[in-house]
Student: 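Below is the structure I would like to discuss, written out as structure tokens.
Quick note on labels: first sequence line is chain A, next is B, and so on, each numbered from 1. Since the structure is predicted, the reported quantities are computational estimates derived from the model, not experimental observations.
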There are 2 protein chains.
Amino acid sequence: MSISSTYTTILETGYRLFAEHGFEKTSMTMIAKEVNISKPALYYHFVSKESIIEVLFDEICKSIGFENFFTIQDYTNDNFEEKLISDGLRIILKQNEDIYYTRIMNQYQALGYRNPTYSRKLIDSLDGFTTGFVALLQHGARIGAIEDTDALVKAQMLTMMIDSMDNFISYGLAYHYEAIWTKAVVTIVRGGTVR
Amino acid sequence: MSISSTYTTILETGYRLFAEHGFEKTSMTMIAKEVNISKPALYYHFVSKESIIEVLFDEICKSIGFENFFTIQDYTNDNFEEKLISDGLRIILKQNEDIYYTRIMNQYQALGYRNPTYSRKLIDSLDGFTTGFVALLQHGARIGAIEDTDALVKAQMLTMMIDSMDNFISYGLAYHYEAIWTKAVVTIVRGGTVR
DNA sequence: GTCTATAAAACGATAGAC
DNA sequence: GTCTATCGTTTTATAGAC
């Protein structure tokens, strides 16, 4: 259809191959073969393998913002706890639909250890979740749905739980994620001050 | 000293280089140069690069058992909560001492996605923590230190929190880990049943 | 935009001497 | 146990025609 349909196909194919075999073990030859073009044609669209990896990362980053999963205005005194539970579970569900996501992110985390460009964006994304949860918890306190204590620590715990659940799910660990997230929300969000 | 001092040096050097540059970007030439031997000398001690990575993994796995951090018998009715907190914080402290640890484990996790030998051992290690926490919580309930509810879910949450804290610390995120772990222990362990 | 052909470098691993 | 020298393969990337 579009004049850059090849461009998109390359990105989609790269996403899959990178997740399956890893960045290093996925060669430009493999991608070209899978897309059914020659290697120089591939280099026409992307100046290097690294640039495919970079563009892919930016695309992924766009889709993982806190606001994509939580809309603070929709939280009321009546639905606060149950909505926080169900919205969190939606994230888990989304990861179950895309088995490649966490495998790819694991590799971007590794890149981040050596390249600040990647770590910066990953940290920003996590910060976005923490900041979002803080705002959500403060909203909850304002409307009288929850206690007004330790918002930052609670938000950091929720961020870590979300991240960790993604990780464990992608590894095929049969944990009780629904019960875990529910308990996290119920006890953490309700719970009082740390001594 | 020992006849296999070179063998040990290779492992230590490999650990550092693999953490710094990654498995793929660390070549046998680099390791040989850093150890100050030739490449064939390196191949005398290890039949392949993969075998260095494997031996390294087994060494690491030995040091991350639940029992290395938590001794159930030492938990009494008086010290239960505070000991669980301090023992957990000891794990965090240990990771701060070895900045390479999480970087290496991140890569073994990636290997595990494609090789069951690695994922099997990683999952066993996590299972060891969950099983250990269950036993610890049941012990706590038996001696009347905590409520006797949802031991498995609580144990899974604690395992995930430990794993996640390691991860976030290694990424340089300045979270309130002490407060987070304390709150996790206090609210999760004390807290009642999930509705 | 896509192709065939190829360059240039790096890699894992080995032969064979000492 | 360690060396020099080298093999065979694969990699990223490009020159140049269409």
Student: Rounded to whole Å, please give me the gap between CZ in A/Phe46 and P in C/dT2.
Tutor: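 Rounding to the nearest Å, CZ of A/Phe46 and P of C/dT2 are 12 Å apart.
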
Student: Decide side chain to side chain contact (heavy atoms under 4.5 Å, CB included) for B/Thr130 and B/Leu152; before the verdict, give the C-alpha distance in whole Å, the side-chain angles of both, and the deciding distance to 0.1 Å.
Tutor: CA-CA 8 Å; B/Thr130 304; B/Leu152 181 55; 4.0 Å; yes

Student: Is B/Lys83 paired with B/Asp87 through a side-chain N to carboxylate O contact shorter than 4.0 Å?
Tutor: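 Answer for the salt bridge query: yes.
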
Student: Hey, are A/Arg142 and A/Asp148 close enough for a salt bridge, meaning a charged N less than 4.0 Å from a carboxylate O?
Tutor: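 So A/Arg142 does not pair with A/Asp148 through a salt bridge.
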
Student: Taking the basic N atoms (NZ, or NE/NH1/NH2) and the acidic carboxylate oxygens, is any pair closer than 4.0 Å for B/Glu20 and B/Arg103?
Tutor: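 Not counted as a salt bridge, because no side-chain N and carboxylate O are separated by less than 4.0 Å.
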
Student: Tell me which residues in residues 48-58 of chain B put a heavy atom below 4.0 Å from DNA chain C, sorted by number, or none.
Tutor: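 Output list: B/Ser48, B/Lys49.
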
Student: Give the residues of residues 24-44 of chain B touching DNA chain C, defined as any heavy atom closer than 4.0 Å, sorted by residue number.
Tutor: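 Result for residues 24-44 of chain B: B/Thr26, B/Ser27, B/Met28, B/Lys39, B/Pro40, B/Tyr43, sorted by number.
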
Student: Using the rule ring-ring contact (aromatic ring centres under 6.0 Å, His included), only one of B/Tyr100, B/Phe18, B/Tyr171 pairs with A/Tyr113; which is it?
Tutor: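 Option passing the ring-ring contact (aromatic ring centres under 6.0 Å, His included) with A/Tyr113: B/Tyr171.
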
Student: What is the distance, to the nearest angstrom, from the NE2 atom on B/His21 to the P atom on C/dC11?
Tutor: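 Spelled out: NE2 on B/His21 to P on C/dC11 is 12 Å.
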
Student: Taking the basic N atoms (NZ, or NE/NH1/NH2) and the acidic carboxylate oxygens, is any pair closer than 4.0 Å for B/Arg120 and B/Asp124?
Tutor: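 Yes, charged N to carboxylate O under 4.0 Å.
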
Student: Within this structure, what is the CZ-to-P distance between A/Phe23 and D/dT12, rounded to whole angstrom?
Tutor: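 These atoms are roughly 13 Å apart.
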
Student: Under a 4.5 Å cut-off applied to non-hydrogen side-chain atoms, are A/Tyr108 and A/Phe23 in contact?
Tutor: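 Counting from C-beta outward, A/Tyr108 and A/Phe23 do come under 4.5 Å.
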
Student: With under 30° as parallel and over 60° as perpendicular, where do the rings of B/Phe129 and B/Phe133 fit, or are they tilted in between?
Tutor: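 Answer is tilted, since the angle falls between 30° and 60°.
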
